[in-house]
There are 2 protein chains.
Amino acid sequence: MESKLIKGTLQTIILSLLEKEGRMYGYEITKKVRDLSAEQILLTEGALYPALHKLEAEGYLLVEKVPVGKRVRKYYTLSPQGKKAAARKTGEFEEFVQAMYLVLRLQPKT
Amino acid sequence: MESKLIKGTLQTIILSLLEKEGRMYGYEITKKVRDLSAEQILLTEGALYPALHKLEAEGYLLVEKVPVGKRVRKYYTLSPQGKKAAARKTGEFEEFVQAMYLVLRLQPKT
DNA sequence: TGTTAATACTTAATTTTCTTATGTATATTG
DNA sequence: CAATATACATAAGAAAATTAAGTATTAACA
């Protein structure tokens, strides 16, 4: 997968996943995205963790630290603003894709 | 249009347009994209012109300088490699969208 | 006829958002 | 017991955009 295209969609992915799954931790997100996309979209840790921190700082995510053995896992959930942002960003992505299909003159498919 | 999503798709847009239209100059590309996308995708000059120069430097575009009145207009066409790149990048975009729809659990629509 | 808008291209500074690399540490599996 | 997987963090650098400023011609309009 030509990963340049992922630019700008990482926040959308994170918010959407949390909306559907309810509660996830970072490492779990990378695996879920890889599985759902049939290995097409592979998130890197260097992109994911800073993105989670940013979404948290912006008030979209709530964090809960849960000890698992000797490690501490950070579970994220959507704040009320995060839920709105998830819906908004998903909608914007759909609009963008439709606009791109018009520009590229592609048949909307699958 | 939340323009962050455009990141990574500009080359695809340029190559695809030239594939369909044959021969275009920069300013014409911005107008065509705006029209085709119903004002949704608005290319900025600061992004477009450097992108054209880069595609040219990489051998994907051929340039022809045409005097129009006292100005010189730069018409771009696809080189043979550019045609291959247009097809490849359009295909990659479609694959990416399909992968995103799986991750976001969206119905492929319109 | 003079000002505004549109046409047409260029480039520099800055910002955003990634990749790559490195670091730390625990847990599982063969 | 070594390798792999789990789990998070962050710094350096690259890529690709935005914003802004510059130059200049042409068309529209009032």
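Naming: A, B, ... by sequence-line order, numbering from 1 per chain.
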Which atom pairs, one a donor and one an acceptor, fall under 3.5 Å between side chains of residues 26-37 of chain A and the rest of the protein, sequence neighbours left out?
unit_1: Glu28(A); atom_1: OE1; unit_2: Tyr25(A); atom_2: N; d: 3.1
unit_1: Thr30(A); atom_1: OG1; unit_2: Tyr27(A); atom_2: O; d: 2.6
unit_1: Ser37(A); atom_1: OG; unit_2: Val33(A); atom_2: O; d: 2.8
unit_1: Ser37(A); atom_1: OG; unit_2: Arg34(A); atom_2: O; d: 3.4
unit_1: Ser37(A); atom_1: OG; unit_2: Gln40(A); atom_2: N; d: 3.2
unit_1: Ser37(A); atom_1: OG; unit_2: Ile41(A); atom_2: N; d: 2.9

### Stretch residues 45-77 of chain A: residues that reach within less than 4.0 Å of DNA chain C through a heavy atom
Gly46(A), Ala47(A), Lys54(A), Gly69(A), Lys70(A), Arg71(A)

### Task
Working to the nearest 0.5 Å, report the span between CG of Leu5(A) and CE of Met100(A).
8.0 Å

### Query
Salt-bridged, Arg105(A) to Glu21(B), with N to O below 4.0 Å?
yes

### Task
Nearest whole angstrom, please: distance from the P of dT4(D) to the NZ of Lys31(A).
18 Å

### Task
Rounded off to whole Å, could you give me the CG-to-C1' distance for the Leu10(B) and dA17(D) pair?
9 Å

### Query
Got more than 12 heavy atoms from elsewhere within 6.0 Å of NZ, Lys84(B)?
no

### Task
Check the distance between dT18(D)'s C1' and Leu43(B)'s CG and give it to me in whole angstrom.
13 Å

### Query
So how far is it from Glu95(B) CD to Thr90(B) OG1, rounded to the nearest 0.5 Å?
11.0 Å

### Query
Listed in order of residue number, which residues of residues 19-27 of chain B have a non-hydrogen atom at under 4.0 Å from DNA chain C?
Tyr25(B), Gly26(B), Tyr27(B)

### Query
With distance as the sole criterion, do the side chain of Lys7(B) and the base of dT17(C) form a donor-acceptor contact below 3.5 Å?
no

### Task
Answer yes or no: is there a donor N or O on one side and an acceptor on the other, between the side chain of Thr77(B) and the main chain of Arg23(B), under 3.5 Å?
no

### Query
Any idea how Tyr101(A) and Phe93(B) line up, ring-wise: parallel (<30°), tilted (30 to 60°), or perpendicular (>60°)?
tilted

### Query
Is there a side-chain contact between Ile14(B) and Leu48(B) (heavy atoms, below 4.5 Å)?
yes

